[in-house]
Amino acid sequence: MTDHNDTITREKFMAELWRYKRGSVTRRHFLGVTGLGTATAVLGAAMPGLMPRPAWSQANIGDRVILATWPNYHEPTNFEAFTEATGAAVQVNVFGSNEEMLAKLQAGGSGWDVFVPTNYTITTYVDEGLIEPIDVSRLPNYDASAFDARFASPGTVNDTLYAVSKNWGTTGYAINTAKNGDVTPTTWKEFWDMTMTNFSGRTMVHDYQLTTIGNALKYFGYSFNSVDANELADAEKLLLDAKPHLFAINSDYQPSMRSGDAWMTMCWTGDGKQLNTDIPEIKYVLGKEGGELWSDFYAIPKGAPHMDAAYALIDFLLTPENNAKEALFHGYPVADARTNALLPAELLNDPIIYPAADLLSALEFGAAATLTDPNRAELLARFKSA
Amino acid sequence: MGYIHVSMDIDRLEQFTAESPDPDAPAIRIAEMRGATKRYGDVLAADNLNLTIFKGEFLSFLGPSGCGKTTALRMLAGFEEPTSGDILLDGEVVNSVPAHRRPVNMVFQHYALFPHLNVADNISYGLRQQRPKPPKDQIDDAVRQTLETVRMPGFGPRRIWEMSGGQQQRVALARALINQPKLLLLDEPMAALDRKLRRDMQIELQSLQRKLGITFVLVTHDQEEALSMSDRIAIMRGGRIVQIGSPRDLYDRPNSRYVADFVGKSNFIDGVVAEIDGPKIALKTPDGQKLQGMAVGQLAKGDAATISLRPEQCSLARKQPSNTQAGMRLPVKIINRIFLGEHTEYLVKTENFGDFLVLVPRQAETAEGRFEPGDDAWLYWQTSSALVLQAD
Amino acid sequence: MQPRVKTWLFLMPAGLWFLTMLVLPLVVVFIFSFGERGAAGGYVPAFTLDQYANLPARWAAFRNTLTLAPIGTVVCLLIAYPLAYFLALRTTPKWRTLLLILVIVPFWTSILIRSYAWIFILGGRGLPTLISALGLGDVQLINTPFAVLVGIVYGYLPLMVFPIFVSLERLDKRLLEASSDLGCPPWRSFLNVTLPLSMPGVATGCMLVFILLMGEFLIPAILGGGKVFFVGNALVDLFLQSRNWAYGSAVAVTLVAIMLVTVTAYMRFTRRWAGGRDDVSLM
């Protein structure tokens with residue numbers, strides 16, 4: 001491809017981050033919260049037949065490929081380049097939560113070619129027969145050995161590769177330390193205790209069972225993924241106690257953090273980075289007790305209508321040059337060493353994006369059980385409606 | 001036919017003809033308009049109206065739409081405040097007294113009955129607004145009586161939209177009458193009724209008015225209606241009252257071509273006043289003929305004027321009538337004949353003055369024989385029946 | 001025979017639409033409500049009343065909805081009536097058109113975006129700043145039932161204004177003159193004539209707002225900060241998050257049942273009011 005991707009200046013990096021930040025909505029929150037469903041954007045030419053069809057794929061892969069993913073998660077120019085190279089226009093369906101994505105696939109007839117599941121959902125997709133195994137031979141630019149196994153391995157279920165690593169991230173919390181005497185807390189225990197004391201009315205938690213329940217479980221030192229009835233009962237009590245003190249149950253926390261209405265919130269890596277960049281007193285904290293580590297993947301749903309195009313798109317996006325552009329756009333860490341080699345040092349050394357090893361090791365991947373466990377779902381419902 | 005040479009202005013005419021229906025009782029002035037004027041922006045809806053309404057009379061405002069008759073009525077009702085001039089009720093100026101504090105009730109053009117109330121509740125509405133509120137049984141009695149008065153006994157619980165047009169009219173009347181108003185205002189109350197029903201209602205309304213002795217003020221554009229029901233009629237035009245008088249006065253002594261034309265049918269001959277000899281006037285027509293008639297109002301030599309001739313004042317003859325027989329005569333051709341029972345109406349064509357209507361009574365027709373369309377004939381009339389009016 | 005066939009042919013498209021878009025989904029939801037949740041979510045055919053037995057678990061959602069929907073409806077009515085009255089009876093036609101457009105204009109933007117605007121108005125830097133600057137103390141407005149109520153009233157006001165406006169505009173002004181003529185002062189004429197005759201508009205507006213509020217989920221999610229939980233939010237969660245379609249269907253069927261009862265009561269009320277008259281359109 002072109003040459004200027006190989007090195008990237010600090011200015012360019014910051015510009016890219018700014019561009020990311022300008023996206024008014026961040027991952028998962030908006031549509032998920034509102035339940036509005038899918039927003040669809042069509043990128044690329046409306047008349048792909050007129051496009052030249054050189055280099056990328058020798059075979060005719062059709063005129064379109066449909067991608068189900070999260071908001072602000074892809075570099076649009078990559079899609080344009082893909083369409084130019086292959087003649088296939090990329091049609092994007094944006095989703096609010098893994099649960100919603102699963103619901104849509106379970107309902108059938110999604111029409112997707114590629115989707116972006118999170119680690120803990122993949123076994124469910126496999127069990128439900130909703131996902132195609134990946135034929136690595138059709139991904140010439142994918143190199144399994146270049147990926148950090150820790151983040152890539154959830155893509156393999158029963159020794160079969162179903163999903164290839166896109167990027168990963170953590171779930172911690174963001175706190176406006178100016179409201180806490182410039183003291184940065186370090187644990188989930190402090191998060192909940194402060195919520196019920198000096199941060200009363202100023203804390204936000206996700207509208208999302210995995211992290212909200214998981215981080216409440218962490219208060220007691222339980223597993224983030226626990227489905228144990230007694231442990232969940234403890235978490236529920238904590239959540240119900242905390243509820244009157246919460247500012248909101250909402251995964252769209254950036255506006256309230258920026259306006260100063262909220263002082264502390266459960267937070268994903270990318271949001272933490274953005275808030276910290278703009279408002280330095282907002283720190284991103286990974287609880288010492290642990291919390292969520294997550295990894296997103298590219299996968300192909302069963303019965304994808306444009307299978308060739310699906311492989312072509314995944315292969316294109318995983319090509320290190322293109323993946324680096326993706327990383328610069330979405331601001332999350334990538335597990336592919338080849339891609340990281342192309343990224344600037346500032347990004348790779350950022351403690352928010354790449355946390356210290358000891359903090360990282362305490363984190364847990366979300367477990368599939370939490371996704372399907374009716375008790376956790378009901379617990380969250382009771383918490384929200386209390 | 002001795003009513004010759006009546007020249008007068010409106011005010012004097014009013015005094016002249018003001019008569020109470022009961023000749024023995026003194027005329028009581030119940031309402032007055034004194035120079036009442038109403039402007040809407042540039043539009044002069046009512047222009048210097050002067051009028052006295054006497055207790056117990058049936059007065060009509062008659063005129064085409066837009067003549068100001070409804071504005072006059074609305075000023076009496078209290079819906080409009082005069083821009084200048086005064087409205088008096090019982091001798092008191094009530095210009096700014098709102099409608100709900102005037103002892104005056106109205107029957108609206110399309111009745112304006114309350115669709116959400118039944119017949120009885122519509123009728124009792126006025127009584128129920130009185131403070132202190134009359135006792136329920138008293139109201140019920142009044143409603144029952146009023147329903148009988150308008151010949152709708154037992155209709156109380158019925159819904160308004162179940163009523164026919166005539167029935168709605170009676171309900172509207174009852175709703176106003178039950179309050180025993182000083183003035184009952186009727187705004188084109190019969191406009192929505194068919195012809196037959198309208199005739200019946202007119203008779204009924206008139207007898208009701210005589211029976212109850214309530215003063216009625218009617219607004220109508222229907223001259224027949226006004227003539228048949230009213231004690232007095234105020235003819236309106238362009239916001240002004242042009243003539244007030246009894247139906248007979250207006251018919252026999254119209255003070256303008258407009259009134260003559262509006263009240264009954266008339267034949268007109270335009271010309272210029274050529275000679276004045278006491279009440280007699282000689283009018284010179286455009287073709288140079290001189291026609292004579294009796295003056296109504298002040299006329300001077302050279303004034304544009306019109307001879308007005310009622311159809312029944314005209315006669316037809318086969319042979320040229322002698323001078324003693326007729327004041328004026330013209331040769332005509334019969335164009336059309338309409339048999340009306342007691343009379344026959346002929347349409348005849350004159351040489352110079354257009355078409356004339358002639359109403360021939362049955363006896364006269366037997367004497368002279370029937371004319372057929374196409375026949376030649378002589379049209380003649382008495383000078384005294386030709387009125388010379390100011391041209392409009 | 002021939003005309004009947006024709007009538008049927010004409011009615012076919014509407015009938016099919018009605019069947020597939022309205023009846024069929026309701027039937028599906030009804031059947032699902034007797035089923036069970038699959039191991040990984042979704043629906044497993046069964047015949048059980050467990051889902052209905054479990055309804056009390058969403059009691060809070062029903063309580064919130066059945067509290068805030070009527071309150072929202074009443075507040076909408078209290079604000080909309082004077083507004084509609086002013087528009088219909090106290091403005092010149094030229095101003096009326098302009099003001100009516102102003103009432104509609106917000107509809108040109110998504111309720112989502114308009115509700116977000118309220119986040120900033122009710123948020124810490126908005127009204128509360130003003131209130132504390134006036135020395136009236138610190139208040140939190142956003143993410144409270146009050147904020148949800150504000151959002152509801154804001155969002156649904158036009159739906160209330162228009163039916164009332166139409167009924168007031170259609171009101172025969174001569175009836176007010178008649179009332180006045182019969183000795184009734186203006187304020188009592190309003191109670192005796194205007195108010196009863198605008199009741200169809202009031203009832204229609206209330207019904208529109210109430211029914212739509214019963215299914216509302218966006219405003220509580222955005223302005224309630226997820227802390228004010230409506231049945232609509234429960235349904236979103238059940239279908240999109242926990243994927244408990246069977247239970248979600250039972251909740252939905254219950255909601256529909258409540259609405260049916262409300263609409264029936266409404267029809268009874270208006271029928272009685274109108275006394276069986278055909279020429280008064282109530283919907």
Side-chain angles (χ1 to χ4, degrees), chain B residues 70 73-74 76-80 97-119 121-131 133-134 157-163 168 171-188, chain C residues 81 85 88-95 163-164 166-206 266-282:
Chain B
T70 298
L73 197 73
R74 291 174 62 82
L76 287 171
F79 297 135
E80 310 287 351
V97 174
H100 67 270
R101 288 210 222 101
R102 291 193 191 186
V104 166
N105 287 114
M106 182 135 150
V107 174
F108 289 81
Q109 185 167 9
H110 297 286
Y111 318 136
L113 296 171
F114 303 116
H116 59 301
L117 303 179
N118 65 19
V119 169
D121 289 343
N122 262 281
I123 294 174
S124 64
Y125 193 90
L127 290 184
R128 286 185 285 119
Q129 303 314 317
Q130 292 176 9
R131 294 294 178 272
K133 215 171 177 172
R158 300 279 198 95
R159 294 267 155 194
I160 289 304
W161 63 88
E162 295 168 349
M163 301 290 106
Q168 291 194 17
V171 175
L173 193 60
R175 185 178 68 173
L177 286 176
I178 198 170
N179 306 299
Q180 297 173 312
K182 291 228 160 95
L183 279 183
L184 182 74
L185 309 176
L186 301 111
D187 186 6
E188 303 263 11
Chain C
Y81 200 100
Y85 185 86
L89 301 171
R90 291 282 180 271
T91 48
T92 62
K94 201 177 88 182
W95 275 101
I164 299 176
V166 168
S167 70
L168 284 173
E169 204 201 20
R170 249 186 354 195
L171 177 80
D172 186 348
K173 310 300 178 291
R174 279 170 311 193
L175 294 178
L176 295 174
E177 289 191 344
S179 176
S180 170
D181 184 66
L182 292 164
C184 193
W187 63 271
R188 232 162 52 209
S189 286
F190 172 80
L191 294 178
N192 287 342
V193 179
T194 312
L195 194 60
L197 287 179
S198 60
M199 281 315 280
V202 169
T204 303
C206 286
Y266 158 80
M267 303 260 263
R268 282 261 170 87
F269 165 71
T270 47
R271 181 80 41 85
R272 201 187 62 187
W273 178 85
R277 185 157 55 147
D278 298 331
D279 63 321
V280 177
S281 147
L282 298 169

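The sequence lines fix the lettering, A, B, ..., with proteins before strands; numbering per chain opens at 1.
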- Task: Report the option among C/Ala178, C/Pro186, C/Ser189 that has the most heavy-atom pairs separated by less than 4.5 Å from atoms of chain B.
- Result: C/Ala178
- Query: What distance separates B/Glu188 CD from B/Thr70 OG1, expressed to the nearest 0.5 Å?
  - Reply: 6.0 Å
- Query: Does CD in B/Gln180 sit with more than 12 non-hydrogen atoms of other residues, nucleotides or ligands closer than 6.0 Å?
  - Reply: no
- Task: Answer with side chain, backbone, both or neither: which region of B/Asn179 has an atom nearer than 4.5 Å to a non-hydrogen atom of chain C?
- Result: side chain
- Item | Proximity breakdown for B/Arg175 and chain C, heavy-atom pairs closer than 4.5 Å | both
- One option among B/Arg101, B/Gln109, B/Arg131, B/Glu162 has the most heavy-atom pairs under 4.5 Å with chain C, and it is B/Arg131
- C/Arg188 atom CZ, neighbour heavy-atom count above 12 within 6.0 Å: yes
- Could you state the interatomic distance from CG (B/Leu186) to CG (B/Leu173), rounded to the nearest 0.5 Å? 7.0 Å
- Message: Could you tell me if C/Tyr85 and C/Ser198 have a donor-acceptor pair between their side chains, going purely by distance under 3.5 Å?
- Response: no
- Minimum heavy-atom separation for C/Ser179 to B/Tyr125, with atom names? OG-OH, 2.7 Å
- Message: Counting heavy-atom pairs under 4.5 Å with chain C, which one of B/His110, B/Arg102, B/Gln130 comes out on top?
- Response: B/His110
- Query: So what's closer than 4.5 Å to chain C heavy atoms on B/Phe114: side chain, backbone, both or neither?
  - Reply: both
- Note on the structure: From the list C/Asn192, C/Val193, C/Asp181, the residue making the most non-hydrogen contacts under 4.5 Å with chain B is C/Asp181
- Message: Under 4.5 Å from any heavy atom of chain C, what part of B/Leu113 do you find: side chain, backbone, both or neither?
- Response: backbone
